[in-house]
Each structure stands twice: as C-alpha cells, then as structure tokens.
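Step one of this worksheet: look at the structure below.
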Amino acid sequence: MKKIGILTSGGDCSGMNAAIRSAVRTGLSKNIEMIGFRKGYLGLIKGDYLVLDNKAVSGILQRGGTFLQSARCEEFKTEAGRQTALENLAKIGVEGLVVLGGDGSLNGALALHRLGIPVIGIPASIDNDIAFTDMALGVDTALNNIIYAVDCIKDTASSHARAFIIEVMGRNSGYLASISAIASGAEYAIVPEADYDLADICSQLRHRFQEGRDNAIIIVAEGAGHAQTISESIKDAIGFETRVTVLGHYQRGGAPTVFDRLLASRFGKRAVEFLLTGESGKMVGLSCHDIIVTPLEEVVKTVKRPQEDMLRMAEMLGI
Ligand code: ADP
Ligand code: F6P
C-alpha cells in the first residue's frame, strides 16, 4: 500500500482532528503517502482532496471540529454516486481509506468495503450509539461541555428557586442525558429508551419544592421530547418556576478532553496499522482499556442501548 486517504463524515465531534493527525503521522512514518478528502463522501465524489504531510496536521490536535470538514452526502447513498467515488479513488491511486463518523458514515464505509476498497472505520459521534466500542470519539468532550453548562445553570437555578429543563443532543440515544444527569446531580434524565410519566415527575418535584429544595434540574435527550413542551406541561404543577435551556451544537465543539485526545491518537494509529496488515471492512473500538477491531457488518446491525444500570442509577441518585 502506497497511498491512504482519510475523511470525516456526518456530525462532527471533538477529537476528529487529533485522529487525523495520528493516522497521518503513522502512515508517513511507514512511508505511506497520506491524503485527506474534504467534506466526507462528497470529497470522494468530487475528487476534492489535499496532500497531508507532517506540517499539514501540525497544530490541530487541540482543535475541535474537523479541518477536513464534514458533510452529509445523499449522492453517496446511490450506486451511481459510489461508482463515481470508486473511479476517483482509482484515478488518485488511493489503496486504503480511513473513515471517521457515526453509524451512517460507517454504513458508507461498509458499502465501500463491499466494492473492494480496503477501509477501516473510526467511531466518531457524541451520541455514543455505536456498538462495539465503549466510547466513540467526542463523547467525553461533549459530556464535559454539558456538565460545565449544567453546573452554571444550577447556580442561577438555586438563586431563583427554579426548575430547569435542559435539552441535550441524542436524536435516538439517551447516553448523554443519562450520564450527564449522574455526573451533574440532576433530578431526572428523560431518555428515548425508557418510558417516563410526567405526572409522576410533577408530584416528585412538587414534594421537593415543599421540602425546601432550592432548585431542580431535568435533563432531556432531544429524541425523548422537547424541553419547551415538557416545561409547558409541568410548570403549573411543581411549585418551582420553570426555565428552559437547549444546549444544541455547543455540545459538539471545543478543545477535546485528554480522554478524547488519547482515544483519537490510539484510534488513528491503529486504523492505519490495520489497513497496512491487510484488514478491511472493520471498525476500531475501545473495550475496557484495549483497542479492538470488529467487522463493520456486525457494528451496523447492532443497536447499542444505554446500560440499564446507568439509567437506574440516574433515577435513584436524583432523589
Ligand atoms: P453519522 O455518520 O453522523 O451517523 P449520517 O447518518 O448523516 O451521519 O451519515 C453521514 C453520511 O454517510 C451520509 O450523508 C451518507 O453520505 C453516508 N451514508 C449514510 N448511510 C449510508 C448508507 N446506508 N450507504 C452509504 N452511505 C451512507
Ligand atoms: O452527531 C449526532 C447528533 O449530535 C445528534 O444527536 C443530533 O440530532 C444531530 O447530530 C444534529 O446534527 P446536525 O445539526 O449536524 O444535523
């Protein structure tokens, strides 16, 4: 293998840059030419790439987002789109590809593998909904962002005896909501994976208000309901005045934590090493403290749910 390409696709996350840097420097140390495609699969279809030397990836480790940029590319979901991508890869002489992204992007990586392109995926999505890795890239940074915001909100909530409904990301996943609820001491986590009873939540909040608590924090995953709607439904029944904060894309940015920098460096290095040993159609992942590799076919057909004991712990500790 003489030339390896790398791309970042789908929702961005902190740590992508650190993983690109690691993959590039690993490849260069083995005399592989490294190139980066811009804007995910769109770059493959347009043949839009840049050569990545050591200098090109210097100074990016600590930056959130992805300097290669990311995109959602409908055309790549079509056979014709993938055919164009294949032709460009052949023209440019790319013999292996590293794909960073969430479950959609990993489906795209699997499609390329099935067309004969050696490809290794790196799980990168703040939702932490990708199976066969304890943590995806960006999750730890997003959690730290959330915790910082919730701590700030709790201060002002206490001053005014208010309940805050804080909406975090997670279209289909309650991971960020449940873990941030535990780590911030929130009263409730409302997640798409578990039923909740607003009447029950109201009566417990009212009880808390009556016993003199000075604030309450409810963290809701966007996939489980809108914070504003929940606030409207409970505001007259709980005693506390209510306010809403939607954290939105703030969660996805910022300098990666040490955990994400290290994970990104390990994932990037191993992805290139796996390609060079002839592996393809696989995803690197973290299992306990080890880097493992799993066939993408297994990854994309497995649904990852938040751990039941974490959901129960969030509920029990919030009381
Ligand atoms: P994420 O990777 O963050 O889950 P998306 O689900 O939007 O984000 O997927 C990102 C991109 O991956 C899509 O815009 C598309 O280009 C590609 N992709 C998604 N699903 C498939 C698929 N089944 N086959 C081929 N490419 C796909
Ligand atoms: O990265 C995954 C995710 O954070 C989801 O939780 C969220 O719904 C989605 O991205 C929103 O991304 P965008 O605004 O880029 O479409």
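Sequence positions, counted from 1, serve as the residue numbers for this chain. What you see is a predicted model; the values in this text were computed from it and never measured. Just so you know, ligand 1 is whichever comes first in the structure, and atom 1 is the first atom listed for that ligand.
Counting non-hydrogen atoms of neighbouring residues, nucleotides and ligands closer than 6.0 angstrom, the OH atom of Y250 exceeds 12 such neighbours.
Of the polar atoms of E74, none of the N or O atoms is found under 3.5 Å from an N or O of ligand 1, judged by distance alone. Checked against a 3.5 angstrom limit, the closest N/O atoms of R72 and ligand 1 fall inside it. At least one N or O atom of G102 sits closer than 3.5 Å to an N or O atom of ligand 1.
The atoms of ligand 2 that sit less than 4.0 Å from any heavy atom of R171 are 6 (O), 8 (O), 9 (C). Below 4.0 Å from some heavy atom of Y41 lie the following atoms of ligand 1, by number and element: 12 (O), 16 (O), 17 (C). Residue-ligand proximity, G170 to ligand 2, at heavy-atom distances under 4.0 Å covers atoms 6 (O).
The closest protein non-hydrogen atom to atom 8 (O) of ligand 1 is G10 CA, 3.5 Å. Atom 4 (O) of ligand 1 has D103 OD1, 2.8 Å as its closest protein atom, hydrogens excluded (heavy atom only). Among protein heavy atoms, atom 23 (N) of ligand 1 sits closest to N107 CB, 3.6 Å. Of all protein heavy atoms, the one closest to atom 11 (C) of ligand 2 is R252 NH1, 3.7 Å. Among protein heavy atoms, the minimum distance from atom 5 (C) of ligand 2 is reached at D127 OD2, 3.4 Å. Protein heavy atom nearest atom 13 (P) of ligand 2, with residue, atom name and distance: R72 NH1, 3.5 Å. What sits closest to atom 14 (O) of ligand 2 on the protein, heavy atoms only, is H249 NE2, 2.7 Å. Nearest protein neighbour of atom 11 (C) of ligand 1, counting heavy atoms only, is S9 OG, 3.6 Å. Among all protein heavy atoms, the one lying closest to atom 4 (O) of ligand 2 is M169 SD, 3.1 Å. Among protein heavy atoms, the minimum distance from atom 7 (C) of ligand 2 is reached at E222 OE2, 3.1 Å.
For the pairing with D12, the side-chain hydrogen bond (donor to acceptor under 3.5 Å, both in side chains) check across H249, Q69, R252 returns one residue only, R252. The side chain to side chain contact (heavy atoms under 4.5 Å, CB included) test with I190 is passed by exactly one of I219, D195, V220, I165: V220.
Residue G102 places no heavy atom under 4.0 Å from ligand 2. For the pair Q251 and ligand 2, no heavy-atom separation below 4.0 Å is found.
For atom 21 (C) of ligand 1, the nearest non-hydrogen atom from the set S105, G101, G104 comes from G104. Heavy-atom proximity to atom 14 (O) of ligand 1, evaluated over C73, G11, A136, G108, is greatest for C73.
Between I126 and V139 the shortest heavy-atom distance is O-CG2, 3.8 Å. Closest heavy-atom contact between G81 and I45: O-CG1, 3.6 Å. Nearest heavy atoms, N215 versus S158: ND2-OG, 3.2 Å. A124 and I130 make their closest contact through N-CD1, 4.0 Å (heavy atoms, listed as atom of the first residue, atom of the second, distance).
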Would you sort out whether T141 and S14 count as a side-chain hydrogen bond (donor to acceptor under 3.5 Å, both in side chains), showing the intermediate values?
CA-CA 7 Å; T141 304; S14 292; 4.7 Å; no

Would you check, one step at a time, whether the test salt bridge (Lys or Arg N to Asp or Glu O under 4.0 Å) holds for E273 with K269?
CA-CA 6 Å; E273 287 172 352; K269 175 174 179 286; 2.8 Å; yes

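Under a hydrophobic-cluster definition in which Ile, Leu, Val, Met, Phe, Trp and Tyr are linked whenever side-chain heavy atoms come within less than 4.5 Å, directly or via other members, I117 and Y41 are assigned to the same cluster.
Under a 4.0 Å N-O distance rule, the pair R213/E211 qualifies as a salt bridge. The pair R162-E241 meets the salt-bridge criterion, since a charged nitrogen lies less than 4.0 angstrom from a carboxylate oxygen.
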